[in-house]
Amino acid sequence: MTGRYYEEFEVGETIEHRRRRTVSEADNQRFCDMTMNGQPLHLDAAFAADTRFGERLVNGLYTMSLAVGISIPETTDGTIVANLSYDDVEHPNPVFHGDTIRAQSTVVDKRETSDGERGIVTMRVEAFTVGREGDGGGGDDGDGDDGGDDDSDDDVLVCSFERTALSLKRPEGDDGETGVDA
C-alpha cells in the first residue's frame, strides 16, 4: 500500500506524481476499440489531417483515465473505499500520439463521513504534456517513470477535473511509524 489515509491529506497541498507515460497510437486505438468510440478524429488519419489539428487526437477520456491511474500510488492505493465522483472535467489542449503525460493532484476539500468512520477527499487532478517529439520532452522507457528533469514551465495543461474519493481512516493503533530507524 502506497496511498494515504484520510488523515494524511492536507487541504491545499499539491502532490506531484512520479509516474509518467508516453501515449502511443496503440494505446489510443485500444481505448477507442474497448469503449466502442469510432470518432474519426481519434482513428482516421486522413479525416484528422483535414481538421485544424492536422493529425489524430488521443481520446480525451483516455487522457483523463491515465491521469487517474498516474495519481493512484501517491493518493488512494490501498486506502480507497470508492471513487464517488469526477466533476468539472476540462480538456483545454489536445494530446497527440507520442506525447508524454504527467499529473499532479491538489487537495481541495476533505471531511469526515457523517458516522465519522471514513473520510471524503476531493482532489483537483491536472494532466500535462511534458514535451513533444523533437523538442526535448521526457520519454518513457516502459517503467512508468521517465526519469526526466523537473517539471517544466513549458508543460501544457491537457486535462483537469475534480476527483472525490471515499477514503479509509488510519486504523486505531496504527501511528504510521514503520519501526525502522531512518
Side-chain angles (χ1 to χ4, degrees), residues 12-77 80 82-109 121-165:
E13 80 172 305
T14 298
I15 304 160
E16 297 286 341
H17 303 297
R18 296 182 310 262
R19 295 169 43 190
R20 298 176 179 191
R21 181 169 174 98
T22 299
V23 180
S24 71
E25 179 178 359
D27 293 332
N28 188 49
Q29 179 72 51
R30 280 191 300 264
F31 187 85
C32 287
D33 289 346
M34 287 187 301
T35 59
M36 298 176 63
N37 183 337
Q39 169 57 256
L41 187 56
H42 302 312
L43 302 171
D44 184 331
F47 175 89
D50 288 335
T51 69
R52 69 185 189 113
F53 302 107
E55 62 183 291
R56 290 168 290 171
L57 303 183
V58 171
N59 186 310
L61 290 176
Y62 174 80
T63 303
M64 180 180 166
S65 297
L66 179 59
V68 171
I70 288 172
S71 75
I72 286 174
E74 291 96 2
T75 59
T76 59
D77 187 18
I80 191 171
N83 281 310
L84 301 177
S85 67
Y86 298 95
D87 298 297
D88 301 321
V89 179
E90 296 183 13
H91 300 277
N93 291 290
V95 175
F96 301 99
H97 301 150
D99 281 349
T100 299
I101 304 297
R102 73 168 180 89
Q104 65 186 33
S105 298
T106 302
V107 180
V108 296
D109 190 38
V121 180
T122 300
M123 295 165 274
R124 184 82 185 155
V125 181
E126 296 174 305
F128 300 86
T129 60
V130 295
R132 301 200 194 284
E133 184 175 329
D135 70 358
D140 184 1
D141 60 9
D143 68 358
D145 180 356
D146 77 355
D149 297 330
D150 290 339
D151 299 324
S152 167
D153 292 336
D154 296 331
D155 292 355
V156 176
L157 180 66
V158 293
C159 183
S160 64
F161 55 94
E162 286 193 357
R163 173 181 173 226
T164 301

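Excluded from the calculations below are hydrogen atoms, water molecules and symmetry mates; all remaining heavy atoms, backbone and side chain alike, are included.
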* For residues Ala165 and Thr76, report the shortest heavy-atom separation together with the two atoms involved. => CB-CG2, 4.3 Å

* **Atom of Ala103, atom of Ala67 and distance for their closest heavy-atom approach** => CB-O, 4.3 Å

* Hey, mind stepping through Arg56 and His97 against side chain to side chain contact (heavy atoms under 4.5 Å, CB included) and telling me if it holds? -> CA-CA 8 Å; Arg56 290 168 290 171; His97 301 150; 3.7 Å; yes

* For the student: nearest non-hydrogen atoms of Pro94 and Val158, plus distance -> O-CG1, 3.6 Å

* Asked: Does the pair Thr164 and Tyr86 meet the rule for a side chain to side chain contact (heavy atoms under 4.5 Å, CB included), with working shown?
  -> CA-CA 6 Å; Thr164 301; Tyr86 298 95; over 6 Å; no

* **Side chains of Thr75 and Ser105, donor plus acceptor under 3.5 Å** => no

* **Val125 side chain near Phe161 side chain, heavy-atom distance below 4.5 Å** => yes

* To do: Output yes when a side-chain donor or acceptor of Asp99 lies under 3.5 Å from a complementary backbone atom of Phe96, and no otherwise.
  => yes

* Arg19 side chain near Pro73 side chain, heavy-atom distance below 4.5 Å -> yes

* With a 4.5 Å heavy-atom cut-off, do Leu66 and Val23 have their side chains touching? -> yes

* Residue pair Arg124, Ser160: steps toward the side chain to side chain donor-acceptor pair (under 3.5 Å) verdict -> CA-CA 7 Å; Arg124 184 82 185 155; Ser160 64; 3.0 Å; yes

* Lys NZ or Arg CZ of Arg102 over Phe128 ring: under 6.0 Å, within 45° -> yes

* Can you list the steps and then say if Thr35 with Tyr62 is a side chain to side chain contact (heavy atoms under 4.5 Å, CB included)? -> CA-CA 10 Å; Thr35 59; Tyr62 174 80; over 6 Å; no

* **Glu74 CD to Met123 CE distance, which is reported to the nearest 0.5 Å** => 11.5 Å

* Is Gln39 reaching over with its side chain to a backbone N or O of Leu41, donor-acceptor style, under 3.5 angstrom? -> yes

* Asked: Does Glu25 offer a backbone N or O that forms a donor-acceptor pair with the side chain of Asn28 under 3.5 Å?
  -> no

* Asked: Side-chain contact, heavy-atom cut-off 4.5 Å: Ile101 with Thr129?
  -> yes

* Check whether any side-chain heavy atom of Gln29 sits under 4.5 Å from a side-chain heavy atom of Leu43, and report yes or no. => yes

* State the CG-CG distance between Asn59 and Asp27, to the nearest 0.5 angstrom. => 11.5 Å

* Asked: Taking the side chain as C-beta and beyond, is there a heavy-atom pair between Gln104 and Ile15 under 4.5 Å?
  -> no

* Structure fact -> Rounded to the nearest 0.5 Å, the NE2 atom of His17 sits from the CD1 atom of Ile70 at a distance of 8.5 Å

* Donor-acceptor contact present, side-chain Asp44 to main-chain Ala46, <3.5 Å -> yes

* Leu57 side chain reached by His42 side chain, heavy atoms, under 4.5 Å -> yes

* Mind checking the CG-OG1 spacing from Leu84 to Thr122? Nearest 0.5 Å is all I need. => 8.0 Å

* May I ask you to decide whether Arg163 forms a salt bridge with Asp87, counting only side-chain N to carboxylate O separations under 4.0 Å? => no

* Structure fact -> Value for SG (Cys159) from NE2 (His91), rounded to nearest 0.5 Å, stands at 4.5 Å

